[in-house]
Amino acid sequence: MTDGQTTRRDFLRRTVLAGCAALPFQPALAQGSAGRVVVIGGGFAGATCARALKRLDPRLAVTLVEQSATFTACPFSNAVVAGLRDLRDQEFVYDKFAGSGVELARQTATRVDPRARAVNLADGTRLVYDRLVVAPGIDIRWDALPGYSEAAAEKMPHAWKAGAQTLLLRWQLEAMEDGGLVVISAPANPYRCPPRPYERASLIAHYLKTKKPRSKLIILDAKDAFSKQKLFQNAWQALYPGLIEWVSLSSGGKVTMVDPAALTLATDFQTYKPAVANLIPTQKAGHIVELAGVADRSGWCPINPVTFESTLQANIHVIGDAAITGAMPKSAFAANAQAKVCAAALAVLLTGGAPATPKLINTCYSLVAPDYGISVAGVYQPANGQLVEIAGAGGTSPLDAPQSVRATEASIADGWFRTLTAEVFG
Ligand SMILES: Cc1cc2nc3c(=O)[nH]c(=O)nc-3n(C[C@H](O)[C@H](O)[C@H](O)COP(=O)(O)OP(=O)(O)OC[C@H]3O[C@@H](n4cnc5c(N)ncnc54)[C@H](O)[C@@H]3O)c2cc1C
């Protein structure tokens with residue numbers, strides 16, 4: 001992400017999300033149909049892609065496979081942690097998909113056979129595809145940190161998948177006595193949504209300042225720098241002086257071991273015993289990518305940045321958090337943009353054409369307080385098999401903006417979330 005100052009809004013207004021050049025007509029794959037597409041994962045990437053495909057070519061047979069009846073969104077879940085929002089405001093259902101022409105399979109995808117171009121579901125159904133889109137989001141690497149496990153997450157919640165973990169962290173904060181220590185452990189890159197550990201620290205600090213003012217928050221970081229760093233740190237100084245301490249990697253911030261029974265986190269230099277420990281662990285793409293053979297040794301999925309087709313398996317496309325997207329961060333905004341580009345590419349590929357080279361935008365808004373928003377935006381294009389950031393096209397909120405600008409950005413963030421979720425699930 002870029003840290004340049006912004007004149008970006010004018011630029012972004014003029015920037016086209018994804019361009020598709022005029023293409024020579026070629027016959028559809030299956031006679032009398034435009035093709036069968038199966039999408040695994042009904043989150044920001046998968047649900048957007050399924051709908052966009054149907055809009056682009058209503059003749060396509062599109063099936064969305066989603067394991068949960070209710071989607072619980074991560075954006076704004078840090079506000080739930082801080083007691084500023086209800087978890088129900090994060091929940092979305094798939095009722096409206098019936099009218100979209102997308103067939104919904106409320107099942108877990110359990111197997112992918114790339115040779116037979118088929119997906120198996122938990123109930124025994126087998127779905128055959130011409131093209132498959134895989135969008136399962138993230139899984140936690142439970143084996144990455146000594147002492148951390150699924151059981152440990154019940155004591156030291158990650159809250160990096162929204163839902164029960166989000167509420168657990170909130171309840172722990174509510175139960176903590178005034179004067180308690182909160183520790184957030186932030187992972188090394190790459191992980192889901194780079195600014196969020198610092199947004200979470202900010203909103204927890206807001207909670208502590210207003211409800212438990214003698215308390216303290218330490219961020220133990222496995223990095224030496226983070227997204228929107230100056231904006232966050234300036235705001236912390238202004239809003240929460242002395243409350244938040246950031247311990248960088250080179251200052252000994254990397255957590256190397258945890259003991260959930262004793263509620264301790266150890267670094268190479270020190271052992272911390274907080275009242276509340278939020279351990280944000282190392283992550284990888286959702287498990288189904290391993291079964292589909294589209295993940296590399298990193299646990300994430302290499303893709304062609306023009307079509308989002310896997311470089312490891314033909315006819316399988318990977319979008320959203322699961323994909324390796326170069327400079328483009330893992331976010332709901334990015335997942336939504338990638339989904340539209342992928343859908344446009346698929347519609348062209350299924351008629352034998354060649355997709356045009358896209359440009360994609362990401363904007364990440366973060367709340368430092370309920371009425372204090374900051375943002376970073378970037379524009380990306382394919383180069384050398386990756387998505388690279390177009391220099392000078394993005395930027396961050398100005399460092400010296402007055403409170404009125406911060407308040408406006410906070411309300412733009414809210415509007416963005418409403419618009420996105422209405423588009424995807426409404
Ligand atoms: C605390 C927090 C705050 C955030 N705030 C923001 C923000 O403000 N702005 C922003 O842009 N991003 C934000 N993000 C990031 C954002 O949530 C993710 O980048 C986004 O959800 C990725 O979308 P996705 O579709 O790839 O994955 P997901 O949204 O996780 O969707 C994946 C879906 O796939 C389904 N699935 C997985 N495996 C299977 C299977 N085998 N069969 C069937 N279904 C399956 C899952 O049930 C899920 O519904 C935040 C993240 C966190 C943790």
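For ligands, and for the atoms within them, numbers begin at 1 and follow the listed sequence. Note that this is a predicted model, so its numbers are computed, not measured.
- Taking the charged nitrogens against the carboxylate oxygens, Glu199 and Arg196 do have a contact shorter than 4.0 Å, which makes a salt bridge.
- Lys284 has no carboxylate O lying under 4.0 Å from a charged side-chain N of Asp139, or vice versa, which leaves the two without a salt bridge.
- Residues Asp221 and Ser248 bring no donor and acceptor atom of their side chains to less than 3.5 Å of each other.
- Around CG of Asn384, the count of heavy atoms belonging to other residues, nucleotides or ligands within 6.0 Å does not exceed 12.
- The shortest N/O to N/O separation between Cys364 and ligand 1 does not fall below 3.5 Å.
- With a 4.0 Å cut-off on non-hydrogen atoms, Thr110 does not touch ligand 1 at all.
- Using a 4.5 Å cut-off on side-chain heavy atoms (C-beta onward), Ile324 and Asp296 make contact.
- Between Glu66 and Arg106 there is no salt bridge, since none of the side-chain N atoms of the basic residue sits less than 4.0 Å from a carboxylate O of the acidic one.
- Put simply, the side chain of Glu423 does not reach to within 4.5 Å of the side chain of Thr419, judged on heavy atoms.
- If you check the side chains of Lys212 and Tyr207, you find a donor sitting under 3.5 Å from an acceptor.
- Residue Arg192 has at least one nitrogen or oxygen atom sitting less than 3.5 Å from a nitrogen or oxygen atom of ligand 1, judged on distance alone.
- You'll find the ring centres of Phe71 and Phe44 inside the 6.0 Å limit.
- For Asp113 and Arg115, the salt-bridge test fails: no basic side-chain N is under 4.0 Å from an acidic carboxylate O.
- By the criterion of a heavy-atom distance under 4.0 Å, the backbone of Ala135, and not its side chain, is placed next to ligand 1.
- Distances between N or O atoms of Arg196 and those of ligand 1 include at least one value under 3.5 Å.
- Residue contacts with ligand 1 do not include His287, since none of its heavy atoms lies under 4.0 Å from the ligand.
- Within ligand 1, the atoms closer than 4.0 Å to a non-hydrogen atom of Gly41 are 33 (C), 34 (O), 35 (C), numbered from 1 in the order shown.
- Contacts between Cys193 and ligand 1, counted as non-hydrogen atom pairs separated by less than 4.0 Å, involve the side chain only.
- Residue contact check: Val65 has heavy atoms under 4.0 Å from atoms 43 (C), 44 (N) of ligand 1.
- For ligand 1, one of its N or O atoms has an N or O atom of Phe333 under 3.5 Å away.
- At a heavy-atom cutoff of 4.0 Å, ligand 1 is contacted by no atom of Phe417, backbone or side chain.
- Heavy atoms of Lys161 come nearer than 4.0 angstrom to ligand 1 in no pair at all.
- In Ala109, the parts holding a heavy atom less than 4.0 Å from any atom of ligand 1 are both the side chain and the backbone.
- Looking at ligand 1, you won't find any N or O of Gly320 less than 3.5 Å from one of its N or O atoms.
- Counting the atoms of ligand 1 from 1 in the order shown, those under 4.0 Å from a heavy atom of Ala335 are 23 (O).
- Considering backbone and side-chain atoms alike, Phe44 places an N or O below 3.5 Å from some N or O of ligand 1.
- Where the criterion is an N or O separation shorter than 3.5 Å, residue side chain and backbone included, Thr108 fails it with respect to ligand 1.
- Using the six-membered ring where Trp is involved, Tyr365 and Trp416 have ring planes that are tilted, between 30° and 60° apart.
- The proximity of Arg200 to ligand 1, defined as any non-hydrogen pair under 4.0 Å, is limited to the side chain.
- A side-chain donor-acceptor contact under 3.5 Å links Asn336 and Thr48.
- Every atom of ligand 1 with a heavy atom of Phe71 under 4.0 Å away is listed here by number and element: 29 (O), 31 (O), 49 (O).
- Under 4.0 Å from ligand 1, the heavy atoms of Lys330 that appear belong solely to its backbone.
- At a 4.0 Å cut-off, at least one heavy atom of Trp416 sits close enough to ligand 1 to count as contact.
- Within the structure, the closest approach of Gly286 to ligand 1 does not fall below 4.0 Å when heavy atoms are considered.
- Asn304 and Glu309 form no side-chain donor-acceptor contact under 3.5 Å, judged by distance and modelled atom types alone.
- The atoms of ligand 1 that sit less than 4.0 Å from any heavy atom of Asn78 are 1 (C).
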